[in-house]
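Below, each value reflects all heavy atoms present in this structure, side chains not excepted, and no hydrogens, waters or symmetry copies. Below, read A as the first sequence line, B as the second, and so on, with proteins coming before strands; counting in each chain starts at 1.
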Protein chains: 2
Amino acid sequence: MTDMANTNGLREVSRRAVRSKIAQAAEELFAVKGFDATTVDDIAESVGMSQRTFFRYFASKEDAALDSFERQSDDFLARLAGRPSEEAPWDSLRRVFDVVVEQCADAGHRERVAAVHRFIEASPTLLAAYLQKMDCLQQRLLEALVARSSANGRTADEPVLRAVVGAAFACLQAALARTADSLEGEDIATCLDRVMAALRPSCCG
Amino acid sequence: MTDMANTNGLREVSRRAVRSKIAQAAEELFAVKGFDATTVDDIAESVGMSQRTFFRYFASKEDAALDSFERQSDDFLARLAGRPSEEAPWDSLRRVFDVVVEQCADAGHRERVAAVHRFIEASPTLLAAYLQKMDCLQQRLLEALVARSSANGRTADEPVLRAVVGAAFACLQAALARTADSLEGEDIATCLDRVMAALRPSCCG
DNA sequence: ACTGTTTTGACAGTGACTGACAGATATGTC
DNA sequence: GACATATCTGTCAGTCACTGTCAAAACAGT
């Protein structure tokens with residue numbers, strides 16, 4: 001037991017590597033055959049492992065498909081933590097969404113994002129799982145905003161703040177839907193700015 | 001074949017009756033045992049039918065749990081259709097949400113709604129299905145708003161309108177969450193009015 | 001080489017859901 | 001009332017997602 005921390009760290013790295021290998025293989029299969037027509041056995045076989053082992057890395061088929069959003073959620077929270085606490089929540093959230101905007105700056109990455117959104121919307125059950133993940137993320141962002149608001153001495157109106165977060169995500173979803181529909185018709189950043197300007201809360205949002 | 005329309009109408013009525021009988025039994029079981037711990041066989045047995053017949057009335061266990069929202073969706077669309085087309089979408093949506101406010105006026109009904117929301121939030125998979133249903137409803141309301149906008153001669157900015165609908169629903173969800181958390185703390189109508197006033201889009205929403 | 005930990009595969013089992021078929025039931029005609 | 005027909009229902013077999021269990025295998029440190 002020379003350095004258990006190092007060993008555990010290595011285990012973590014290895015685990016992460018296997019996870020993303022599975023997620024990548026799954027993504028390719030989903031893009032070709034669709035989510036519903038692809039079985040977990042298909043995915044497991046394509047990475048050379050048993051079905052049982054797949055489920056040791058992902059709790060469900062949906063989780064494997066939405067792995068990229070798991071990392072994105074952490075990025076969102078990190079961005080929010082990096083924003084000044086006096087900033088209006090609406091402006092902070094716009095900066096948080098830059099995570100997506102920056103992802104879409106690279107053309108290759110943009111195509112990948114579009115492909116994922118395509119097979120998500122093609123499967124009702126996967127779409128449901130996606131929406132739940134977004135809901136969970138909103139919850140976490142809301143908690144962070146409430147915490148920083150009370151740390152600032154101000155006591156926030158929670159229902160309003162919750163609605164503000166939900167409204168901001170509605171703007172993001174609208175901008176994403178736009179770029180998915182009309183390819184290259186409009187820049188995501190431009191569309192997002194326009195929509196979020198139109199929806200900006202009048203007071204203390 | 002004297003009157004096929006009448007027969008078909010009777011069949012429809014009968015089918016509806018069976019459906020709501022199943023949905024009611026399911027709701028009671030879910031409220032007691034929770035959604036995940038209740039099997040489809042449990043529900044089928046409690047209404048005296050086979051599992052196979054259950055699935056002839058509902059495509060999934062989730063659908064049986066969310067049956068009440070199916071009817072609510074139709075009510076939402078009907079309300080929107082009854083609103084003047086010159087009205088601002090935001091105001092129309094607030095009137096649409098009166099469907100929920102009126103439901104909650106009756107104390108007994110309010111408790112039932114609270115119970116349903118309780119077991120929805122207790123099950124991640126059911127919550128996911130609920131969110132997807134709401135998403136689908138937003139889509140339908142958006143289409144209606146786009147149609148009435150273009151019928152009015154004005155051509156709407158679709159991304160903005162989509163975000164407006166999403167933001168309005170975020171307000172509704174926030175108000176519902178509020179009444180679920182702090183029982184009797186605040187009237188739903190009051191909370192909804194306050195939140196929707198704070199989030200009202202500045203221009204042409 | 002030895003030991004304790006972790007990872008893995010094989011197996012069996014549950015629960016949601018579907019297709020196919022045959023018997024029961026109801027409806028309309030004579 | 002007898003009969004033909006459309007619909008409803010239960011049974012059965014099968015697929016797929018997912019879980020618990022256990023023993024073999026891969027790996028770590030000594």
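The closest side-chain donor-acceptor pair between B/Ser68 and B/Arg112, if any, does not fall under 3.5 angstrom.
Of the possible donor and acceptor atoms, none in the side chain of B/Trp90 sits under 3.5 Å from a partner among the backbone N and O of B/Leu199. With hydrogens and angles disregarded, no donor-acceptor distance shorter than 3.5 Å links the side chain of A/Arg79 to the backbone of A/Phe97.
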Distances for protein N or O near nucleotides 13-17 of chain C N or O, under 3.5 Å:
| from | atom 1 | to | atom 2 | distance (Å) |
| --- | --- | --- | --- | --- |
| C/dA16 | OP1 | B/Val40 | N | 3.4 |
| C/dA16 | OP1 | B/Lys61 | NZ | 3.2 |
| C/dA16 | OP2 | B/Val40 | N | 3.3 |
| C/dC17 | OP2 | B/Lys61 | N | 2.8 |

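Summarising the geometry, the separation between CZ on A/Phe58 and P on D/dT19 is reported as 14 Å, rounded to the nearest angstrom. We find that NZ of A/Lys21 is positioned 10 Å from P of C/dT8, with the value rounded to whole Å. Going from atom CD of A/Glu45 over to atom P of D/dA17 covers 14 Å, rounded to whole Å. When the P atom of C/dG19 is taken as reference, atom CZ of B/Arg52 falls 7 Å away, rounded to whole Å. As rounded to whole Å, 12 Å separates atom C1' of D/dA17 from atom CZ of A/Phe30. Summarising the geometry, the separation between CE on A/Met49 and P on D/dA26 is reported as 15 Å, rounded to the nearest angstrom.
The two residues B/Ser92 and B/Pro84 make their nearest non-hydrogen contact at OG-O, 4.5 Å.
Checked for salt-bridge contact, A/Arg94 and A/Asp91 miss the test: no charged N lies under 4.0 Å from a carboxylate O.
Listed pair B/Tyr57 / D/dT9 meets the phosphate criterion, a side-chain N or O lying under 4.0 Å from OP1 or OP2.
Relative to the side chain of A/Arg11, the nucleotides D/dA28, D/dC8, D/dG10 differ in distance, and D/dA28 lies closest.
A ring pair (Phe, Tyr, Trp, His ring centres under 6.0 Å) with A/Tyr130 is found for exactly one of A/Phe119, A/Phe35, A/Phe69, namely A/Phe69.
For the pair A/Arg56 and B/Thr53, nearest-nucleotide mapping onto DNA chain D gives the more 5' position to B/Thr53.
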